[in-house]
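In what follows, chains are A, B, ... by sequence order, proteins preceding strands, each numbered from 1. Just so you know, these numbers use all the heavy atoms, side chains as well, and skip hydrogens, waters and symmetry mates.
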There are 2 protein chains.
Amino acid sequence: MTGTRWLDDLEMAAWTAYLTASHLLERRVEEQLKADAGLTHAQYEILARLSAAPDRRLRMTELAHGVVVSKSGLTYQIGQLEKMGLVERATCPSDDRGVLAVLTDRGTECLERTAPGHVTVVRELLIDLLTPDELETVIRVMNRVETAARAGTRTP
Amino acid sequence: MTGTRWLDDLEMAAWTAYLTASHLLERRVEEQLKADAGLTHAQYEILARLSAAPDRRLRMTELAHGVVVSKSGLTYQIGQLEKMGLVERATCPSDDRGVLAVLTDRGTECLERTAPGHVTVVRELLIDLLTPDELETVIRVMNRVETAARAGTRTP
DNA sequence: GTGGAGTTGTTCAAATTCGAACATATCGGG
DNA sequence: CCCGATATGTTCGAATTTGAACAACTCCAC
């Protein structure tokens, strides 16, 4: 190969701005959830996904794919949420290997109690900072990133 | 308070797309760096920041602020990089409490060796997916997020 | 100067994450 | 029907990260 296509000033600005902002945003969301609900962001995402799923349940693999976490990472977190009584494990009817993570009633309550504060932070630190056009751009761009980043890999 | 301003469909789409994409992107960058250079993304960011700093050195606090990591997290990582011979600690001339993290020659070499592969991934999964307009939007938006997320806090 | 308030960096324990190895179960071709 | 190739979840050990507690130092008002 001849040479690397380095990032020019604008491209570098975009990458560093993205990195810094995403780290900070993640940190703040984490802080808020821990303080107000004793939950990790990962745990909240799991509860939210389950809540939106048909019958409030999902296969482990599907859930891991959705929240973008490793299989072992999900096993661990489901274990934690089970201890808290927010999630239960059920055997999968159609596949004996499978395990279903099921949101309990307490899990639903916890989510309903926690969601307002969470949404507030997400608005303050991202959504309400965007014009409608920018919102569309974020959706478009991030979907492109997802597609590119998922190309040629599995669940992780 | 009366009620929560929930996220409408577009806003929700933006948030979930952002979350998914950022998790995946981080994962891929991490994979590439680990495989090609045995480095963590956090470690690479530290090397890059030091490389761009005057005299290739920065105060611990300043560095922690830049890469958005906790003080203790930085202490740990600088320890790791020191073991690898990529960074050294120096006492701060102007402040006896201070510690300077200094990029070594080996650190510079490591960075030069590693940067091309890293830039390639960053291009493939983000930069090259953006039109010039979108690039500008990302910079603008992410800087806004940074400002909002830093409002009223310290280094973390 | 001096004392108290604030900074700076490290140490410590706890929590989370990942990948690799593993046991179990499904599925398609012969 | 049966075997190898895949897929699914869990377990394990190692690495990383965080916040709180701590020790050392600076700085300002008095």
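For A:I78 and C:dT17, the CD1 to P distance is 12 Å, given to the nearest whole Å. Taking atom CD of B:E26 as the reference point, atom P of D:dT16 lies 14 Å away to the nearest angstrom.
Along DNA chain C, the nucleotide nearest to A:K34 and the one nearest to A:D95 differ in position, and the one closer to the 5' end is contacted by A:K34.
Taking both residues in full, the closest heavy atoms of B:V145 and A:L129 are given as CA-CD1, 3.9 Å, listed atom of the first, atom of the second, then distance. Across all their heavy atoms, B:E30 and B:H41 have their closest contact at OE2-N, 2.9 Å.
Side-chain contact check for B:T137 and B:R140: at least one donor-acceptor pair (N or O, by modelled atom type) lies under 3.5 Å.
Looking at the side chain of A:R27, the nearest of the listed nucleotides D:dT17, D:dT8, D:dT18 is D:dT18. Distance from the side chain of A:Y76 is smallest for C:dT17 among the nucleotides C:dT8, D:dT16, C:dT17.
Taking 3.5 Å as the limit, the base of D:dA24 and the side chain of B:R97 contain no donor-acceptor pair of atoms between them. Applying the 3.5 Å distance criterion, the base of C:dG19 shares a donor-acceptor pair with the side chain of A:S72. On a pure distance criterion of 3.5 Å, no polar donor-acceptor pair joins the side chain of A:T75 and the base of D:dG9.
As judged by a 4.0 angstrom heavy-atom cut-off over every strand, B:G98 is placed among residues touching the sugar-phosphate backbone only.
Of the side-chain N and O atoms in B:Q80, none sit less than 4.0 angstrom from OP1 or OP2 of D:dA15. Between A:T40 and C:dA15 there is no side-chain polar atom (N or O) within less than 4.0 angstrom of OP1 or OP2. Contact annotation: A:Q77 side-chain N/O to C:dA15 OP1/OP2 distance is not under 4.0 Å.
Within the 3.5 Å criterion, the main-chain N or O of B:G66 finds a donor-acceptor partner in the side chain of B:R49.
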